[in-house]
S.K.: 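What follows is a structure written as structure tokens; I'll ask about it next.
Computed from a predicted structure; not experimentally measured. Throughout, protein chains are lettered first and strands after them, A, B, ... in sequence-line order, and every chain is numbered starting at 1.
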Amino acid sequence: MEGPLYQKWVDAGYFTPAPEPPPGAEQFVIVLPPPNVTGSLHIGHALNHSAQDVVVRRRRMQRYDTLWLPGMDHAGIATQNVVERELAKEGLSRHDLGREKFVERVWEWKAAFGGEILGQMRRLGDSVDWTRERFTLDPGLSRAVHTMFHRLYHDNLIYRAERIIHWCPRCMTALSDIEVEHEDVDGELISIRYGSGDHSIVVATTRAETMLGDTGVAVHPDDERYRHLVGQQVELPLTGRLIPIVADDSVDPDFGTGAVKVTPGHDPNDFEIGQRHGLPALIVLDERGNVTAPGPFLGLDRFEARPAVVAALKEEGRIVAEKRPYTHSVGHCSRCGTVVEPRLSLQWFVKVEPLAREAGQAVRDGRTKFVPEDMARRYFDWVDNMHDWCISRQLWWGHRIPIWYGPNGEQACPGPDEKPPDGWTQDVDVLDTWFSSGLWPFSTLGWPEDTADLGRFYPSTVLITGYDIIFFWVARMMMFGIYALKRPPFATVSVTGLVRDQGGKKMSKSAGNVIDPLEWMDRYGTDATRLTLLRGAHPGTDVSVSEDWAAGSRAFCNKLWNATRFALLNGAVVGELPPSEELSTPDRWILSRLTATVAEVDRRYEQFEIARACEVLYRFTWDELCDWYLELAKGPLARGGVEAANTRLVLGHVLDVVLRLLHPVIPYVTETLWTALTGAESVVIAPWPSLDEGRPDPVAESDVLTLMRLVTEVRRFRSEQGVKPGRKLAARLSGIKGSVAAPYEAEIRALARLELPGPGFSSGAQLPVDGVVVEIDLAGAVDYVAERKRLERDLGQVVKELAQVTAKLDNDQFKSRAPSEVVDEMRARQARANIEINRLQSQLDGLPS
RNA sequence: GGGCGUUUAGCUCAGCUGGAAGAGCGCUUCCCUUACAAGGAAGAGGUCGGCGGUUCGAGCCCGUCAACGCCCACCA
């Protein structure tokens with residue numbers, strides 16, 4: 001039913017806000033983190049989108065002016081890689097096509113295969129406004145990107161400089177810090193002697209090949225071992241070059257030999273040392289990672305060059321100690337896994353400090369709140385320590401940098417409506433994909449134009465996202481939003497955890513523990529999949545999911561289905577409820593429990609405690625509604641008359657309310673059941689339940705508790721005595737007259753399977769409960785076979801324990817106690833066991849055969 | 001190297017401001033009772049990671065140790 005229902009909702013326009021904001025309605029806007037155009041729905045999306053959908057659907061039912069805007073990110077490197085791989089199959093590279101043709105090809109790819117995830121979002125039930133779908137490369141959004149760049153440039157917040165950046169030799173582009181993943185790698189620390197005799201110094205390195213680019217050696221200024229060498233020159237092996245020894249505070253005298261080889265062209269620290277001491281930066285690796293230094297290594301790949309350089313050094317007797325295993329952290333390209341190479345290169349940067357300061361301030365002064373609050377700390381860690389952001393990428397897929405260069409080396413940044421001077425050429429690089437993502441909360445609404453949507457829907461109310469992207473994405477939206485519109489882009493950032501497997505491990509393809517939400521939707525249904533994830537979605541904490549949970553969620557949906565079916569078969573209707581005085585105690589009880597449920601569910605939702613809300617609803621529906629109320633309703637329904645009419649109304653009402661409460665979590669099942677129950681158009685646009693729809697009734701609650709205790713006591717007695725569930729017991733309920741349970745004797749008898757006492761009744765067992773005594777005639781009622789089996793089992797257990805007494809004492813006690821004590825203890829245990837055996841045996845003997 | 005988090009029943013996890021230990025799954029026993037066997041009824045199972053402290057009272061607060069996990073990072 002899922003597909004047609006979703007289509008019905010879209011066709012009816014439920015997810016699209018009214019053309020004009022309804023008078024008096026407050027806005028509720030949620031920012032969808034735009035998935036990559038190459039993406040496919042994974043379990044993390046499923047959790048995140050479900051959580052967002054819950055919040056949005058509830059607000060919509062509460063009659064907020066609600067917008068959830070969908071769209072996709074062009075995902076620069078990721079997408080370009082996909083298309084490049086496709087071209088490779090045809091034996092082509094992007095250079096064979098040329099820039100224009102290649103970009104065309106990417107657009108064709110997008111039209112044919114991109115955006116698969118949008119269909120998957122429909123499937124998941126995301127109640128997004130498809131009429132406002134956006135893509136980061138749409139003309140409007142590109143205009144926003146250009147405008148933003150233009151403004152930042154003229155505010156001196158964007159600059160171009162030669163810096164050491166992370167370079168991916170496979171993608172052949174610069175990367176920002178966040179596109180690099182650090183991983184511990186086992187390497188070797190190699191000690192090399194530079195210079196000779198008194199004029200020599202030993203340095204340590206893990207990247208031997210970079211020595212080809214060394215232009216100095218640095219030591220700590222206070223290091224006595226090397227003081228005499230500072231200012232001198234040593235010979236760089238294999239090259240014959242002389243390089244100076246400099247003194248620099250950044251050197252740790254306790255690490256390695258206390259002397260550092262300085263490679264300003266390929267190491268960020270070394271670059272800074274080089275700047276301080278006027279050491280030139282040599283580039284010895286090209287953009288593919290091949291050696292460019294003249295000599296025998298020219299053209300070798302960096303990983304071929306490393307052993308080759310070591311071998312050559314060895315031959316010259318330059319390797320001092322044996323190479324030592326050394327674990328250190330190495331950066332990898334987050335897109336392709338290639339080891340990144342630090343490389344000096346001319347790139348564009350955003351000057352982050354002033355923007356990040358504002359972004360931090362907005363959270364510090366409470367304009368934007370984190371839920372849970374602790375998550376703000378992670379955010380501060382990030383915004384307070386951000387480096388300048390490298391935004392240029394040597395790619396073709398993306399927003400081209402809006403800078404033009406003149407014939408004499410001038411540069412200009414015209415605005416989106418200005419023309420660059422004739423004959424000038426545009427920068428060939430594109431912008432980091434996160435640059436446009438950072439504008440998402442307002443570029444999607446028409447900024448920089450002063451559109452109606454922008455006024456109506458900015459800033460947004462809440463952002464719901466996993467903590468894994470707080471840093472790069474959230475921080476960037478905050479910086480840009482505050483810069484462009486003077487207000488942070490959202491009032492609340494609600495953080496969800498990551499989805500993990502049953503062992504709490506992160507899901508990854510290599511670990512083979514990935515759960516595919518699409519497969520779950522096939523096997524358990526979309527609603528069960530959503531419920532499974534949401535039942536674990538405590539704010540900010542990771543969710544461990546498993547098949548068991550999914551099966552449990554499916555069972556819940558099924559339970560709800562069957563309960564509603566039962567209600568409809570018995571004529572449940574939604575209508576005006578009779579006054580409480582006319583209702584039975586169970587009717588008043590369930591209405592009272594409903595009030596409590598509405599109140600608690602609402603409170604939990606309000607605080608993003610979706611898991612708690614689900615739990616409360618689960619408990620109410622299953623334990624109270626199905627296990628007790630439905631059972632208690634069967635009597636009145638069968639008896640007919642006013643009782644039955646009232647019960648039908650109460651049942652219809654309770655289901656009406658509980659289905660509306662559940663709708664945000666399990667939209668499809670609730671839509672089907674609620675429309676069947678009410679005959680109304682759709683639960684999507686039904687009003688959110690209010691407290692008025694329940695009736696608190698402490699007296700009914702306590703009375704029904706008594707009734708439950710009576711039934712449960714009898715059931716326990718039956719179970720313990722081995723009475724078959726099907727067998728009815730003759731019983732007298734003495735003292736029930738005048739008790740609160742009096743009107744429900746019939747219900748109690750039905751639920752506990754008790755018959756009226758007949759002639760010759762004899763009271764064999766008495767169960768006192770709240771002033772009522774249930775007297776049961778045991779004649780012929782007890783299943784002595786079952787009782788005998790039970791006693792025999794217990795007896796066997798005690799005999800076994802007796803046999804183990806000696807062994808247990810050996811293990812546990814013998815060493816630490818005096819032998820006489822041990823013997824005493826053993827005798828005591830044997831005595832206790834024998835008493836128990838005798839007791840059980842005599843009970844067994846006393847049973848009728 | 002820095003920061004954060006977790007540790008409660010066999011498994012996965014709740015437990016709000018300290019006031020008599022909870023759920024789901026699994027397990028045991030019985031039951032196809034006309035909404036539901038993807039179900040019903042009744043049970044077993046925990047020294048709340050260790051140690052120390054505060055308190056009339058600690059799963060919850062403080063200290064400390066341990067194990068596990070995550071994030072950040074320009075340690076040659």
S.K.: Separation of His387(A) atom NE2 from C74(B) atom P, in whole Å?
M.R.: 6 Å
S.K.: Could you check how far CG of Leu751(A) sits from P of C31(B), rounded to whole Å?
M.R.: 20 Å
S.K.: Does atom CH2 of Trp561(A) have more than 12 heavy-atom neighbours from other groups under 6.0 Å away?
M.R.: no
S.K.: Whole Å only: how far is the CZ atom of Arg753(A) from the P atom of A42(B)?
M.R.: 14 Å
S.K.: Over how many whole Å does the gap from Arg715(A) atom CZ to G40(B) atom P extend?
M.R.: 11 Å
S.K.: Using a heavy-atom cut-off of under 4.0 Å over every strand shown, decide if Trp561(A) touches base, sugar-phosphate, or nothing.
M.R.: nothing
S.K.: Can you check the Glu547(A) CD to G24(B) P distance for me, whole Å?
M.R.: 20 Å
S.K.: Arg378(A) has an atom CZ; how far is it from atom C1' of C70(B), in whole Å?
M.R.: 7 Å
S.K.: Report the distance from atom CG of Asn570(A) to atom P of C36(B), rounded to the nearest whole Å.
M.R.: 11 Å
S.K.: What is the distance from atom CG of Asp627(A) to atom OG1 of Thr621(A), rounded to the nearest 0.5 Å?
M.R.: 11.0 Å
S.K.: Taking any heavy-atom pair under 4.0 Å as a contact, classify Arg612(A): base, sugar-phosphate, or nothing.
M.R.: sugar-phosphate
S.K.: Counting the atoms with a prime plus P, OP1 and OP2 as sugar-phosphate, which does Arg163(A) contact under 4.0 Å by heavy atoms, base, sugar-phosphate, or nothing?
M.R.: nothing
S.K.: Do Arg603(A) and Glu606(A) pass the salt bridge (charged side-chain N to carboxylate O under 4.0 Å, His left out) test, and can you show the C-alpha distance, the side-chain angles, and the key distance before you say yes or no?
M.R.: CA-CA 5 Å; Arg603(A) 198 182 98 230; Glu606(A) 201 63 40; over 6 Å; no
S.K.: Nearest to the Arg619(A) side chain among C36(B), G24(B), A73(B), which nucleotide is it?
M.R.: G24(B)
S.K.: For RNA chain B, just give me the dot-bracket, please: Watson-Crick or G-U, both distances below 3.5 Å, ( ) intra-strand, [ ] crossing earlier pairs, | paired with another strand, . unpaired.
M.R.: (((((((..((((.....[..)))).(((((.......))))).....(((((..]....))))))))))))....
S.K.: In residues 262-271 of chain A, which residues come under 4.0 Å of RNA chain B by heavy atom?
M.R.: Pro268(A), Asn269(A)
S.K.: Looking at every strand, decide which applies to Leu630(A) at a 4.0 Å heavy-atom threshold: base, sugar-phosphate, or nothing.
M.R.: base
S.K.: Would you indicate what Cys626(A) reaches in the nucleic acid, counting non-hydrogen atoms under 4.0 angstrom: base, sugar-phosphate, or nothing?
M.R.: base
S.K.: Would you mind classifying the nucleic acid contact of Arg554(A) as base, sugar-phosphate or nothing, using non-hydrogen atoms under 4.0 angstrom?
M.R.: base
S.K.: Mind checking if Glu600(A) touches a base, just sugar-phosphate, or nothing, with heavy atoms under 4.0 Å?
M.R.: nothing
S.K.: Can you sort out the partners of Gln347(A) under side chain to side chain donor-acceptor pair (under 3.5 Å), two or more places apart, ordered by chain and number?
M.R.: Ser345(A), Ser392(A), Gln394(A)
